[in-house]
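Quick note on labels: first sequence line is chain A, next is B, and so on, each numbered from 1.
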4 protein chains.
Amino acid sequence: MTELPAQMISTSKAAARIRAAAIDAFSVGGYGGTTTRDIAARLDMSPAAMYPHYRSKEDLLFAISFEGHLVAHETVAAADRADASPVDRLRSVISTFASWQATHHAQARVIQYELTALTRDHYRTVVALRRETTAIVRSVVNAGVDTGDFIVPDAEGVTLALTSLCVDVCRWFPTGDYTDPQVVGDLYADLAARVVGAR
Amino acid sequence: MTELPAQMISTSKAAARIRAAAIDAFSVGGYGGTTTRDIAARLDMSPAAMYPHYRSKEDLLFAISFEGHLVAHETVAAADRADASPVDRLRSVISTFASWQATHHAQARVIQYELTALTRDHYRTVVALRRETTAIVRSVVNAGVDTGDFIVPDAEGVTLALTSLCVDVCRWFPTGDYTDPQVVGDLYADLAARVVGAR
Amino acid sequence: MTELPAQMISTSKAAARIRAAAIDAFSVGGYGGTTTRDIAARLDMSPAAMYPHYRSKEDLLFAISFEGHLVAHETVAAADRADASPVDRLRSVISTFASWQATHHAQARVIQYELTALTRDHYRTVVALRRETTAIVRSVVNAGVDTGDFIVPDAEGVTLALTSLCVDVCRWFPTGDYTDPQVVGDLYADLAARVVGAR
Amino acid sequence: MTELPAQMISTSKAAARIRAAAIDAFSVGGYGGTTTRDIAARLDMSPAAMYPHYRSKEDLLFAISFEGHLVAHETVAAADRADASPVDRLRSVISTFASWQATHHAQARVIQYELTALTRDHYRTVVALRRETTAIVRSVVNAGVDTGDFIVPDAEGVTLALTSLCVDVCRWFPTGDYTDPQVVGDLYADLAARVVGAR
DNA sequence: AATGAATGAGGCTTCATTCAT
DNA sequence: CATGAATGAAGCCTCATTCAT
């Protein structure tokens, strides 16, 4: 796995508050539809107050995106217990991935849908990080296929679909009766097991 | 199904060109990140040229969103052959839904991700239309459950997941080797059949 | 008196309707605050329909201003009966001037307050015409002074004040109980007689 | 007299400079004919520089109108010495009113002729203030009538005419030899005395 | 750090006007 | 004549950002 500079995220308290406000704002109005005033207003600050912490609005988006994908990755990775059976690994990974997207749906929307607003370099950095998470799903699927626990027509297609399923949770969550991330996680773990034809 | 006024979409050729250009632009930069100049530039027109056809940028987004969800719905509805077996109905509906999202991924992104930029009234109109498409998936799932062809832990959750799976295609398509909408449709039909536990 | 080209005003019926609509619009929103759409809307026409009749919005204002000052002048001039006594001349002139401003207050506002929007040449033409009306007041005042009927400290100042009094009617008319141009005319004739100290 | 919030006018130096520039611009081209660029250009600022001080062009007009009518009223009110004789009161009030309009003719034009560009609420506020000034003239006229010092055919009509006479000064001043506000004030005081038939 | 004022660029939209129909 | 579409210019205003304080 690529070494990524975790220290790129400012650890100051003020910076964290700004990121949180920006996530709220971006998730509702999109990056392009959100102004620095919108963000500042949520903090009762002036727009200029952001600049000692982030060099630009795009820089702020990058910090959010980077941190978000990093944490998402770490969370999913921690759920992948290499010593468990393929089905259990899959259940754990998918359940954790889906419920993270549900719990952090605002943050997830920003880091999934606003990537095109990043500069080229920032985009590349974040996308590389995002691929790591997909790689976890892939390795679990492949492991099950290798052991014969999973029977799938197309391992890569299944990887794509399962990842997609999890990612899209942030778009619709919460909806109707599905307001508990854990419920979503459990449901998705079940569906994933069915998809891979786990005995 | 609610009757919705298809004639809300201007049928003029110029208006259609403007919608097409706006879809391209919005799908790349988002509604908020796209300027009327961006759209006009794609048509070699002045930004003012849009205004005889659409009263505002938001009005243009509404026309796109309304038309898009209408056509998507009609397309999926046409794939739902009531006389077929539940599995075949499911395969046809999911395959058509997924491949439509792939084929029209730019349009689909706009109509799925930019809804929050609509006015309240426009939002409501479009969301009502969008629900009709989910309703088709729901009715197919329920039909299979009723006949015993499908065995699912949670019909509503399955409906949600299958719909989500299809919708999210527009986000990642095309990716890697998955560049043919038909291939995606076939794959997703298979996965859907597995999800519902179709014998 | 300068010869002025009365034929500058188009005699066509359509042109007259346009002038009338423009007077209504200009008198409410000012020349700068009125759009060609505003004018056209009052006639249920398209803005382009004005152009066969007037070369530009400014041209339309000129036609209105020219015609207005011409008619105002002719009206006041007709009220100046050279054979009457100075007081009667004054009463007739002031009464007619004031009541014309009241009756045609919308038109009068336009021709009095929007002159600065005219081109230099048009401005000069109209202002020359306007001076003719003041000249009538002046000649009446002077006549009374010459015969000893009027006793004034400053004939030119009185001319200025009486003209100003009449012109300003268009600004406030109608107000309160003063809604009848004839009443205003009679009142102002009385006041004018007092101002000149007519025995 | 109604208490009106004088503090509605920003006291900042920059705001005052902007008002002054706007008065110059509005008085020449009218509110509708003046652009924010015109105003900014007079101050060697960018058009955007106005916005920290006034929320809109209309807001700026309101500030000007409110302040202008407030100051005009205070000035005229200060000239009304309740202990003087009716004629002296009248002379003082009319002379002061007329000369204020002459001295501040640009400001006066804006506050008298651009009221229709105000929002409904702003219009009402300013018009209420304007009526206070007319009320002063009315009370002086009525006082003279009550004491028998003035003999007028119609006290309200005389009030209207005297007010109108003073207001209209801003339209024509300066003209010809009348370039000194004091001269105009003295002249108008004389004429007013004649109008009310003061002995 | 944080702010209010300022700005150059540019946002959406409207303007007066033209032109093909 | 009249229109709807089109446009270049410009309208008001907001934007992200800077800077003196």
Quick check on DNA chain F: between A/A48 and C/A49, whose nearest nucleotide comes earlier from the 5' end? C/A49
Phosphate oxygens OP1/OP2 of [N]: is one of them under 4.0 Å from a side-chain N or O of [X]?
| X | N | value |
| --- | --- | --- |
| C/T36 | E/dA16 | yes |
| B/R37 | E/dG11 | yes |
| D/H53 | E/dG4 | no |

Note, [X] side chain near [Y] side chain (heavy atom, < 4.5 Å):
| X | Y | answer |
| --- | --- | --- |
| C/L60 | C/I39 | yes |
| C/V110 | C/Y31 | no |
| D/Q112 | C/R171 | yes |

What integer distance in Å separates [X]:[atom1] from [N]:[atom2]?
| X | N | atom1 | atom2 | result |
| --- | --- | --- | --- | --- |
| B/Y54 | E/dT14 | OH | P | 17 Å |
| C/R17 | F/dC1 | CZ | C1' | 13 Å |
| D/L43 | E/dA5 | CG | P | 16 Å |
| B/L60 | E/dT13 | CG | P | 10 Å |
| C/K13 | F/dA2 | NZ | P | 14 Å |
| C/D38 | F/dG11 | CG | P | 17 Å |
| C/L61 | E/dT17 | CG | P | 12 Å |

Position toward the 5' end of DNA chain E (nearest nucleotide), A/M45 or C/T34: A/M45
If you pin C/R55 and B/Y31 to their nearest nucleotides in DNA chain E, which one's is more 5'? B/Y31
Nearest to the side chain of [X], heavy atoms from C-beta on, is which of [options]?
| X | options | value |
| --- | --- | --- |
| B/K57 | F/dA2, E/dT13, F/dC12 | E/dT13 |
| D/M50 | E/dC15, F/dC13, F/dC19 | F/dC13 |
| B/T35 | E/dG11, E/dT13, F/dC13 | E/dG11 |
| D/P52 | F/dT3, E/dA6, F/dA5 | E/dA6 |
| C/Y51 | F/dG8, E/dT17, E/dT13 | E/dT17 |

Exactly one candidate in B/L61, B/D59, B/L115 meets side-chain contact (heavy atoms from CB on, under 4.5 Å) with B/H122; the answer is B/D59
Would D/R19 and D/Y54 count as having a side-chain donor-acceptor pair, cut-off 3.5 Å? yes
E/dG4 -> Watson-Crick or G-U wobble partner, both distances under 3.5 Å, gives F/dC19
